Amino acid sequence: MSELSNRSKDIGEFVPMPDDDMIVCRCEEVTKGEIRKAVHEGLWTIAEIRRYLRCGMGLCQGQTCAKLVKGIVARELKCSPALLEPATSRAPMRPTEMHVFADETEETDL
Amino acid sequence: MGRISQHPILGVQNEEKKIVTFKYDGKDMQGYEGEPIAAALKANGVMVHRYTMKQHKPRGIFCAIGRCTDCVMVVDGEPNVRTCMTPLKEGMDVRTQYGVSDKPFDQQ
Amino acid sequence: MKIERFDLIIVGAGPSGLSAAIEAAKRGMKVVVFDENARPGGQLFKQIHKFFGSKEHKAKIRGFHIGEQLLQEARDAGVKVELNATVVGLYQDREVVVRMGEEVHHFKGDAVIIATGASENMVLFDGWNLPGVMGAGAAQTLMNLYGVKPGEKVLMLGSGNVGLVVSFQLLQAGCDVVALVDAAPKIGGYGVHAAKVARTGVPFYLSHTIKKVEGTDHVTGVTIAQVDNHFQFIEGTEKHFDVDTVCVAVGLSPMSQLLKMAGCEMEDNPKRGGQVPIIDDYGKTSVPGIFSAGDVSGIEEASSAMIEGRMAGVAAAEYLGFMTADEKKTELDKLSTSLESLRQGMFAPKNRGKNITETEEGIPISTNLLSKGFVADDEIERYPGVIHKAGIHPVIECTQNIPCNPCQDACNQGCISIGDNITALPISVKDSKCINCGMCVASCPGQAIFLVDEDTGDGKASITLPYEFLPLPEVGAKGKALSRKGEPVCDAEVVKVRSSKAFDNTSLLTISVPKEYAMKARFFKAE
């Protein structure tokens, strides 16, 4: 991660592109332009981008867009996507209503 | 769209399944018991399952295996139900989801 | 809260998870397999084509039949499979949290095998959110599991094996595939899979991608355009198609989040398809007692996933003392040999990204096959399966080194030879006597074998070809013979139709064509 912890790296100015209004995160409706802009505002990690824009934080938890977002962020940072740490994996891995997640039953008999 | 009545490899599909009636946006519609709601809707030519919260854009079946959550609808009053994973039952009330509601945006 | 303990917990009841469970249960372990789906088998039950490989890999058996065999084997071994059971967490000390219905349950596995498979990749294009744009896997699910057509007119994006196989399956389901498109300059999947789609008349557009999907509430059309070496659109190359469905098959990514959650060391490995755990040859991760198998640890075929699953099952059994280190070694050596033979040939994981221009035999690869989906007339003669002789004989249009040899076993007359190296190109043996049994035609998973009689008298030739569509033409049906490219080349009449249990739903059509088309006509379209 050394290359990306070097905050003095010059990634240039944000340049508007014709496809900036394309939806990338289908659940939270986050666009490519919003993600690109966020990188230029200094959010260089996937975790930061997620918290800032909510992409990958919706119902599907980034199942579809995680790789796409990573690719867009990497392109802005001019680095390989492999250098970007993917989002933290934490339970629940699938959409689970709070009343279900909290309902820990006494009996488990398989 | 419609059903594949006879398939060269799989033969006659859905042959022994029971036909049930359910409601789609208030209208009667038929499908096979136990098949995913999404399959029954597709067979009836329904393409739009929901309209998104921010941009009010239409969405439909995308992954069909419960990953993408794009096919969610309001089922029996509960929003965000993945129709590609939820088995169809007699008398189900399936409605187009607008944001997280079954009411069109101008009525919310 | 109560925690139930198992010797082994497996997440995912697909090909690798079930295989792992079978091996573990056979050794007396208390095993449970959790799967979030309503039915077991993972993606196997959507695979209706015949599998590649050799006999030990269940070659020439259709995927869903392999799935049925695997389920039976699991039942016989006493494997417990919990369906509609979604694993939502994998905590420290191999505590597995499972959602079942409206409740959350906790389990403890002394060993855990993660076999969660993969999910489909996507690419961005204008209109990719519209209803009617879907993953190729979604189309497969709708038509092969639920008997519903994904659409009437479909454009396929992606020419890897998934894109090719699903295109063929769409044709089988009665859909119209208007084009197969890929941004890459070369077809990614097996040439034989491409050839069987191309000969039905589906055009291939390589170095093209989707510019825009049109429609307001759902897809009504799509515009593709050619791209240059930097994947930028070339002005003026746009082509429009009226479609109601666009399928996307642009690769798979391992669903490895549970492994990451459990603290397994991970890496981003493009050759394996993305974020994968770092494992030894048998699936052991960096966390003691946690193993992984199948696509979650690297994208491959279902056949490889089944072997990897068995390896992980054996490794877990030895880890918990259910077998000795010596027994483990014997088993794993056997499985490794089997796996290694699948990982050979030009599509082997180790060859990903390499530019291969000739076969192991030193024969140049057909450039038309790679760019258009079919071998051109002036290229086909150079392969050892394509020969000329009097009388009926097999013409084997297998032109790439892939691990597959059922044709050799199918012929009991010795007309077809591959040898011990299962990736070698099959040879049509000149001094052998074909008895026209048709077993080679029906057994070839690539549908690349034809029985040809170049001169049946009256200036005619006969060609026997594999046919997996409905309606099945009847004897006497007249129509056009299509070339490898899928273009009508001459009149043709069906002179024989064969279906048999041994052919496993591949029918054999024999058509009669003018004899100058003996080596050109490869498909039949009724009038």
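Treat the numbers as computed from the prediction; the structure is a model and nothing was measured. Convention: sequence-line order gives letters A, B, ...; per-chain numbering from 1.
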message = Could you work out, with side chain to side chain donor-acceptor pair (under 3.5 Å) as the rule, every residue matching A/Asp21, not counting sequence neighbours?
response = none

request  = Measure A/Ile23 against the heavy atoms of chain C and call it side chain, backbone, both or neither at under 4.5 Å.
outcome  = both

ask   = Closest heavy-atom contact between A/Ile72 and C/Leu124?
value = CD1-CD1, 4.0 Å

ask   = Which one, C/Leu90, C/Leu259, C/Asn121, C/Val88, leads in non-hydrogen pairs under 4.5 Å with chain A?
value = C/Val88

inquiry  = Looking at C/Asp228, I'd like to know if its CG atom is crowded, meaning that more than 12 non-hydrogen atoms belonging to other residues, nucleotides or ligands lie closer than 6.0 Å.
reply    = yes

Closest non-hydrogen atom pair between C/Val87 and A/Met93, with its separation = O-CB, 4.1 Å

request  = Spell out the residues in residues 34-55 of chain A that have some non-hydrogen atom less than 4.5 Å away from a non-hydrogen atom of chain C, in order of number; otherwise answer 'none'.
outcome  = none

ask   = Does C/Arg99 pair with A/Asp103 as a salt bridge, N-O distance under 4.0 Å?
value = no

ask   = Got C/Thr86 and A/Thr96 here, is their nearest side-chain heavy-atom distance under 4.5 Å?
value = no

ask   = Of the non-hydrogen atoms in A/Val24 and C/Trp128, which two are nearest, and what is the gap between them?
value = O-CZ2, 3.3 Å

request  = Tell me, with the steps shown, if C/Glu103 and A/Val100 meet side-chain contact (heavy atoms from CB on, under 4.5 Å).
outcome  = CA-CA 5 Å; C/Glu103 292 169 349; A/Val100 175; 5.9 Å; no

ask   = Would you say the side chain of C/Lys260 lies within less than 4.5 Å of the side chain of A/Arg90, judging by non-hydrogen atoms?
value = no

query = Considering only heavy atoms, which portion of C/Val32 lies under 4.5 Å from any heavy atom of chain A: side chain, backbone, both, or neither?
reply = side chain

message = Need one label for C/Glu36: side chain, backbone, both or neither, based on atoms under 4.5 Å from any heavy atom in chain A.
response = side chain

query = Between A/Thr88 and chain C, which part of the residue has a heavy atom less than 4.5 Å away: side chain, backbone, both or neither?
reply = backbone

request  = Please look at A/Ala87 and chain C and tell me whether the side chain, the backbone, both or neither of the residue comes under 4.5 angstrom of a heavy atom of that chain.
outcome  = backbone

key: Where C/Met261 and A/Ala91 come nearest, the two heavy atoms and their spacing   = CE-N, 3.4 Å

message = How close do C/Ser253 and A/Lys67 get, counting heavy atoms only, and between which atoms?
response = OG-NZ, 2.7 Å

inquiry  = A/Asp19 vs C/Phe125, test: side-chain contact (heavy atoms from CB on, under 4.5 Å). Steps then yes/no.
reply    = CA-CA 9 Å; A/Asp19 61 353; C/Phe125 47 80; over 6 Å; no

query = So with a 6.0 Å cut-off around CD of C/Glu102, is the heavy-atom count from everything else above 12?
reply = yes

query = Which answer fits A/Pro18, side chain, backbone, both or neither, if we ask what part of it has an atom under 4.5 Å from a heavy atom of chain C?
reply = neither

note = Exactly one of C/Met122, C/Glu120, C/Gln257 clears side chain to side chain contact (heavy atoms under 4.5 Å, CB included) with A/Gln63, and that residue is C/Gln257

request  = Nearest 0.5 Å please: distance from the OG atom of A/Ser89 over to the CE atom of C/Met266.
outcome  = 7.0 Å

